A.B. asks: 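Sending over a structure as structure tokens; questions will come in a sec.
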There are 2 protein chains.
Amino acid sequence: MSPKIFSPEEKDAREQEMLGCAKLIIRDEGLAGLTIDKLVKQLPYSKGTVYNHFSSKEDIMLAICTEHMQQIGEIMARALTFNGNSREKALAVHVGSMLNSQAYPDDFMIGVSVKSAGCTSKASEFRRLKHQQIEMAFLAPIFAHFRSAAEAGESIVPAGMCIEQMAFSCWSADFGVQTLLMGDNDACSIRSQLNVETELLNSINLIHDGMCWQPLAKDFDWKASVERIKTEIFSAEVEIISQLQTSLNTL
Amino acid sequence: MSPKIFSPEEKDAREQEMLGCAKLIIRDEGLAGLTIDKLVKQLPYSKGTVYNHFSSKEDIMLAICTEHMQQIGEIMARALTFNGNSREKALAVHVGSMLNSQAYPDDFMIGVSVKSAGCTSKASEFRRLKHQQIEMAFLAPIFAHFRSAAEAGESIVPAGMCIEQMAFSCWSADFGVQTLLMGDNDACSIRSQLNVETELLNSINLIHDGMCWQPLAKDFDWKASVERIKTEIFSAEVEIISQLQTSLNTL
DNA sequence: ACCTGAACACCGTTCAAGT
DNA sequence: ACCTGAACACCGTTCAAGT
């Protein structure tokens, strides 16, 4: 009869509904458990409609990854409000990213898969652009923080490096530690003895010391800073993690 | 008639044949292009026989990953023979791992996939054990190198850290830089401006400086060291990379 | 204009039937 | 004892038919 025309708001709400459902499936059955068939079965729409919103399964994954990054951006902004010296604020960014990964481990796994496998190439142009745009948005305040610390003489920009490269060093080390220590530890006897929080602090301390970021590791109680960051800024995330662990233990 | 019985050598040779074929497919069509159907079609055996050797597709992937790690072990041993100071030798390990990843990018991608996705859990017990054993074998000389440098007073073991944690910091930073910069750069405008070799040297220099590993970055020409390492130790790998790039350009 | 779901080509894995 | 390949359950994607 009357062919229905959907407003952009309705389309957006439905897209959100689909993504939320996909996330639930991933949370329950893992990333490999996400299937278009399963997704459609739990949704009041058909396959065709899902493909009307997303060009492929990878497109859905990239969309979830982008949402996750938006959340990370909010975490980073919060981290930089920490009441402490500039190096503590930089540390807070990593503590926040780690807590977020622990509170939402599936989102973190999706991020790794999207970055490592060539998922982006199979996603739609629109989704790729949005992803890139958000990545830049959340990096900007980080760069600004590194720059102001260097300009204040609290850290030294190494010869031949620029601010962006300094931030990238921290980011890639953070990514490396989390990726290597979040997976199945049982595959490697060395890694199974390591703790994410400890090694992240160790790695970031080494890099910050390499930048001569004051105060140096040996002159400050950084473990205490981590605790303060957790309680003063990320108590909500810590709460989610502890709930997640107790529910895992009773299982 | 006479039921054939295969010797362990024959079984091993066939396994190698299967793995070699799988690697070729991955080299030509990417990791996602690897399919049991395709593998069998290019092999003089049937599906059942392949499954007689490997418990699953993940088992094949882990086997390839383990072979690659064995190769990395050989690279690391070679790196440590570099004629230079102890920090240069430590740097050589990373240069070698990077060159190997560039010379055999598919092997590197498999490693990332195996580590990030829960591939190990789907692989067979036997394959998992072998993987773990080889990982430990190639880490041992690295640990020994870090320890002797610290004992010689060329580096300082930070308070609260042990030798293994220092080595892990370098390893995870290396892994982070390579993973983030080897994929599709186009997804991120910042990353696309960064060069793997430059950022790897920057990151490792920051961490080594953080360990006070002499001589410090500012007191030495580390770019020159990288060039020396490339020509004196890894000329074969450099040659493969340049061939790979010219064949990519003519394509 | 938009939704539907049958149909398609493909996937990893198994196992009864052969030799 | 070992190999074979048809069969199975499932996957992502498409598109002619509906409303």
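Since we're looking at a predicted model, the values are computed, not measured. Just so we're on the same page: letters track the sequence lines, and every chain starts at 1.
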A.B. asks: B:His145: what forms a ring-ring contact (aromatic ring centres under 6.0 Å, His included) with it, not counting sequence neighbours?
C.D. replies: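 B:His145 satisfies ring-ring contact (aromatic ring centres under 6.0 Å, His included) with B:Trp213 once adjacent residues are dropped.
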A.B. asks: Let's see if you get this right: which residues in residues 17-27 of chain B place a heavy atom under 4.0 Å from DNA chain D?
C.D. replies: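 Nucleic-acid contacts, sorted: none.
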A.B. asks: Please list, pair by pair, any protein nitrogen or oxygen found under 3.5 Å from a nitrogen or oxygen in nucleotides 6-8 of chain D.
C.D. replies:
none

A.B. asks: By side chain to side chain contact (heavy atoms under 4.5 Å, CB included), which residues pair with B:Ala92, not counting sequence neighbours?
C.D. replies: B:Ala79, B:Phe82, B:Ile229
A.B. asks: Using Watson-Crick or G-U wobble pairs with both distances under 3.5 Å, give me DNA chain C in dot-bracket, 5' to 3', with [ ] for crossers and | for pairs to another strand.
C.D. replies: ||.|||||...|||||.||
A.B. asks: Please list, chain by chain and in numerical order, all residues satisfying salt bridge (Lys or Arg N to Asp or Glu O under 4.0 Å) with B:Arg127, sequence neighbours excluded.
C.D. replies: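 Listed in chain order: B:Glu15, B:Asp59.
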A.B. asks: Between B:Leu43 (CG) and D:dT4 (P), how many Å, whole number?
C.D. replies: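 From B:Leu43 CG to D:dT4 P: 10 Å.
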A.B. asks: Closer than 4.0 Å, any side-chain N/O of A:Arg14 to the OP1 or OP2 of C:dC3?
C.D. replies: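 Yes.
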A.B. asks: Quick one: B:His53 NE2 to D:dT4 P, roughly how many Å, whole number?
C.D. replies: 10 Å
A.B. asks: Give me the residues of residues 29-36 of chain A where at least one heavy atom lies under 4.0 Å from an atom of DNA chain D, by number, or none.
C.D. replies: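 Within this stretch, A:Leu34, A:Thr35, A:Ile36 sit under 4.0 Å of the strand.
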A.B. asks: Residues two or more places apart in sequence or in another chain: which of them pass salt bridge (Lys or Arg N to Asp or Glu O under 4.0 Å) with B:Asp12?
C.D. replies: none
A.B. asks: Can you sort out the partners of A:Phe234 under ring-ring contact (aromatic ring centres under 6.0 Å, His included), two or more places apart, ordered by chain and number?
C.D. replies: none
A.B. asks: Grab the CD-C1' distance between B:Glu10 and D:dC3 for me, whole Å please.
C.D. replies: 14 Å
A.B. asks: Which nucleotide in the set C:dT13, D:dT13, D:dT4 lies at the smallest distance from any side-chain heavy atom of B:Tyr51?
C.D. replies: C:dT13
A.B. asks: A:Tyr45 side chain: which of C:dT4, D:dT4, C:dT13 is closest?
C.D. replies: C:dT4
A.B. asks: Given C:dG12, is OP1 or OP2 found less than 4.0 Å from the side-chain N or O atoms of B:Ser56?
C.D. replies: no
A.B. asks: For residues 30-40 of chain A, pull every pair meeting salt bridge (Lys or Arg N to Asp or Glu O under 4.0 Å), keeping only residues two or more places apart or in separate chains.
C.D. replies: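 Of all non-adjacent pairs touching residues 30-40 of chain A, those that pass salt bridge (Lys or Arg N to Asp or Glu O under 4.0 Å) are A:Glu29-A:Lys38, A:Asp37-A:Lys47.
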A.B. asks: Using whole Å, report how far NZ of B:Lys41 lies from P of C:dG12.
C.D. replies: 12 Å
A.B. asks: Going by the angle between their ring planes, with limits at 30° and 60°, are A:Trp171 and A:Phe138 parallel, tilted or perpendicular?
C.D. replies: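 Answer is perpendicular, since the angle exceeds 60°.
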A.B. asks: CG of A:Asn52 versus C1' of C:dT4: gap in Å, rounded?
C.D. replies: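 Roughly 12 Å, once rounded to whole Å.
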A.B. asks: Pair up each side-chain donor or acceptor in residues 16-27 of chain A with any protein partner under 3.5 Å, not counting sequence neighbours, and list the distances.
C.D. replies:
unit_1  : atom_1 : unit_2  : atom_2 : d
A:Gln16 : NE2    : A:Glu67 : OE2    : 2.3
A:Glu17 : OE1    : A:Tyr45 : OH     : 2.8
A:Lys23 : NZ     : A:Glu67 : OE1    : 2.9

A.B. asks: For A:Gln245, which residues count as a side chain to side chain contact (heavy atoms under 4.5 Å, CB included) partner, sequence neighbours excluded?
C.D. replies: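 Applying side chain to side chain contact (heavy atoms under 4.5 Å, CB included) to A:Gln245 gives A:Ile241.
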